[in-house]
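In what follows, chains are A, B, ... by sequence order, proteins preceding strands, each numbered from 1.
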Number of protein chains: 2
Amino acid sequence: MVDEKKVNQVVEARNGFELPLLLFAGFRSIIDALHRDLAEHGHPETRPAYGFALQAVGPDGAAISEIGRRLGVSKQAAGKTVDKLETLGYVERAPDPADGRRTLIRLTPHGVDLLTRSAEGFDRLRAEWARTLGEDRLNALERDLRTMAPGGAFRLDAAGWFTG
Amino acid sequence: MVDEKKVNQVVEARNGFELPLLLFAGFRSIIDALHRDLAEHGHPETRPAYGFALQAVGPDGAAISEIGRRLGVSKQAAGKTVDKLETLGYVERAPDPADGRRTLIRLTPHGVDLLTRSAEGFDRLRAEWARTLGEDRLNALERDLRTMAPGGAFRLDAAGWFTG
DNA sequence: TAGGATCGACAACATGGTTGACGAAAAAAA
DNA sequence: TTTTTTTCGTCAACCATGTTGTCGATCCTA
């Protein structure tokens with residue numbers, strides 16, 4: 001009879017490359033599930049990158065340069081992203097009465113709806129993970145990831161990172 | 001005195017969006033650490049996407065169309081990627097004696113070196129995680145991720161997925 | 001052996017990033 | 001208060017990486 005525990009240890013020891021792929025696969029499965037849900041509820045054109053961009057706009061609005069800083073891209077690239085989000089109806093431009101140079105970018109009701117539904121969707125997906133794994137295991141998983149990637153959970157500069 | 005366990009539950013319950021960000025942050029921290037190491041050992045120009053592409057080539061070589069299928073992109077896009085990898089000295093083209101239509105893409109010694117160092121680097125990084133979290137916790141983390149993202153660990157079509 | 005499928009290349013185009021330059025406006029210094 | 005410096009948003013040019021359509025050459029098969 002095979003000692004499965006030992007087999008697992010051997011397999012895991014020679015496959016260090018599996019860990020990053022598993023982390024990415026978990027991220028991807030959540031994002032894909034969320035966007036399937038969003039597509040069925042009024043947001044069929046939304047891409048993962050748009051969600052990050054809308055988070056960078058935030059509930060109070062932000063200047064284009066500020067959005068660029070939060071996303072880790074140039075203000076020119078942020079301007080193109082805002083153009084796209086504006087075309088899709090997620091944000092609107094407004095002059096900043098306090099600063100004539102600035103254009104204030106604000107969420108439209110459609111944009112607020114996207115963020116609201118996303119938050120609900122993420123909560124629902126986390127609840128699914130908790131149902132399958134158990135709340136304790138999921139808490140431990142999150143705690144371990146906070147330990148190994150401190151501060152990483154609140155960075156928004158994800159879009160162009162992979163291809164560089 | 002504050003019941004930290006309860007506080008954690010409340011905080012985690014209202015922050016379902018943190019789970020995907022933590023997964024991505026973990027993936028990213030590993031990939032970034034690996035590429036810092038690679039940059040210091042003869043591979044300063046390597047991007048994460050190139051590693052995926054070289055994995056798609058594999059130790060036995062592959063045709064361009066096959067690489068495209070493995071990466072989940074068109075054969076034309078795969079051809080451009082191969083051009084890039086060839087310029088950087090990671091692969092070489094050779095005619096396929098068994099099929100006049102095919103161009104066989106093979107790893108050069110430089111490409112083999114990148115994959116070898118990557119495998120070693122991933123093993124080393126996994127050992128770091130095991131040292132910090134404990135082997136048991138890390139095994140549990142990997143097992144849980146295999147449960148929640150079955151089959152996801154062996155997909156190579158990651159490059160263009162995010163921006164779509 | 002004729003017809004259809006596949007391979008890799010070429011061209012044209014879309015998207016989303018970069019840098020450099022610029023006028024307008026605000027902030028800081030003189 | 002005037003001058004200088006910084007910041008904001010936009011325009012233009014360019015680069016990287018993906019797409020679709022087309023094509024000749026080659027292979028497979030009915």
Side-chain angles (χ1 to χ4, degrees), chain A residues 35 45-57 61-88 90-106 155-164, chain B residues 28 35 44-57 61-88 90-106 155-164:
Chain A
H35 280 80
E45 318 202 57
T46 298
R47 299 287 324 159
Y50 302 164
F52 278 76
L54 289 182
Q55 285 289 348
V57 174
I64 292 179
S65 291
E66 179 59 26
I67 294 170
R69 263 177 248 120
R70 291 176 186 171
L71 294 176
V73 300
S74 65
K75 58 184 180 178
Q76 295 91 330
K80 292 187 188 182
T81 300
V82 167
D83 288 345
K84 184 79 180 182
L85 294 176
E86 191 177 23
T87 300
L88 294 174
Y90 289 119
V91 302
E92 60 188 5
R93 284 176 151 87
D96 185 333
D99 188 335
R101 299 167 301 175
R102 279 204 178 113
T103 303
L104 191 59
I105 307 302
R106 281 187 311 219
R155 299 180 59 178
L156 294 175
D157 56 334
W161 165 79
F162 195 79
T163 57
Chain B
R28 179 168 168 163
H35 279 80
E45 316 203 57
T46 299
R47 299 288 323 160
Y50 302 164
F52 278 75
L54 289 183
Q55 285 289 349
V57 173
I64 293 180
S65 292
E66 179 59 26
I67 294 170
R69 265 177 246 120
R70 292 177 186 169
L71 294 176
V73 300
S74 65
K75 58 183 180 177
Q76 295 91 331
K80 293 186 188 183
T81 301
V82 166
D83 288 344
K84 185 79 181 182
L85 295 177
E86 192 178 22
T87 300
L88 294 174
Y90 289 119
V91 301
E92 60 186 5
R93 284 175 151 88
D96 185 335
D99 188 334
R101 297 168 302 175
R102 278 201 179 117
T103 302
L104 191 59
I105 308 302
R106 282 187 312 218
R155 300 179 59 178
L156 293 176
D157 56 333
W161 164 79
F162 195 78
T163 57

ask   = Less than 4.5 Å apart, any side-chain heavy atom of A:Tyr50 and any of A:Lys84?
value = yes
key: Minimum heavy-atom distance A:Ala56-A:Ala62, with the two atoms named   = O-CB, 4.2 Å
request  = Please list residues of residues 94-106 of chain A whose heavy atoms come under 4.0 Å from any atom in DNA chain C, ordered by number; otherwise none.
outcome  = A:Asp99, A:Gly100, A:Arg101
query = So, do A:Leu88 and A:Arg47 sit near enough that their side-chain heavy atoms are less than 4.5 Å apart?
reply = no
task = In whole angstrom, give the distance that lies between atom CG of B:Leu71 and atom P of D:dT17.
result = 13 Å
ask   = Expressed in angstrom and rounded to an integer, what is the separation of A:Asp157 atom CG from C:dG16 atom C1'?
value = 16 Å
message = Would you compute the distance between atom CZ of B:Arg70 and atom OG of B:Ser65 and round it to the nearest 0.5 angstrom?
response = 11.5 Å
request  = Check the distance between C:dG8's P and B:Asp83's CG and give it to me in whole angstrom.
outcome  = 12 Å
task = Grab the NZ-P distance between A:Lys80 and D:dA13 for me, whole Å please.
result = 12 Å
Candidate nucleotides C:dG17, C:dA9, D:dT19, ranked by approach to the side chain of B:Ala77 - the nearest = D:dT19
inquiry  = What's the separation between atom OG1 in A:Thr103 and atom CD in A:Glu92, rounded to the nearest 0.5 Å?
reply    = 12.5 Å
ask   = C:dT6 P sits how many Å from B:Glu66 CD, rounded?
value = 13 Å
message = For C:dG16, does the base pair up with any side-chain atom of A:Gln76 as donor and acceptor (N or O, under 3.5 Å, distance only)?
response = no
query = Base, sugar-phosphate, or nothing: which does B:Ala63 touch, judged by heavy atoms less than 4.0 Å apart?
reply = sugar-phosphate
ask   = When we call it a touch if two heavy atoms are under 4.0 Å apart, what does B:Arg93 touch: a base, just sugar-phosphate, or nothing?
value = sugar-phosphate
request  = Check the distance between D:dA16's C1' and B:Leu85's CG and give it to me in whole angstrom.
outcome  = 13 Å
Closest nucleotide among C:dC7, D:dT20, D:dT10 to the B:Lys75 side chain = C:dC7
ask   = Could you give the CD1-to-P distance, from A:Ile67 to D:dG9, as a whole number of Å?
value = 8 Å
request  = Tell me which nucleotide among C:dT18, D:dT10, D:dG18 gets nearest to the side chain of A:Ser74.
outcome  = C:dT18
task = Name the nucleic acid region contacted by A:Ser65, choosing base, sugar-phosphate or nothing; use a 4.0 angstrom heavy-atom cut-off, strictly under.
result = sugar-phosphate
ask   = Within less than 4.0 Å of OP1 or OP2 of C:dT6, is there a side-chain N or O belonging to B:Arg69?
value = no
key: Among B:Ile67, B:Leu85, B:Thr81, B:Thr46, side chain to side chain contact (heavy atoms under 4.5 Å, CB included) partner for B:Leu54   = B:Leu85
task = Would you classify B:Tyr50 as touching base, sugar-phosphate or nothing, given that sugar-phosphate means primed atoms plus P, OP1 and OP2, and contacts are heavy atoms under 4.0 Å?
result = sugar-phosphate
query = Between A:Arg106 and A:Ala94, what is the shortest heavy-atom contact and its length?
reply = NH2-CB, 3.6 Å
ask   = Between B:Arg93 and B:Ile105, what is the shortest heavy-atom contact and its length?
value = CG-CD1, 3.8 Å
ask   = Ignoring hydrogens and angles, does a donor from either the side chain of A:Lys84 or the base of C:dG16 sit under 3.5 Å from an acceptor on the other?
value = no
ask   = CZ of B:Arg47 versus C1' of D:dG18: gap in Å, rounded?
value = 17 Å
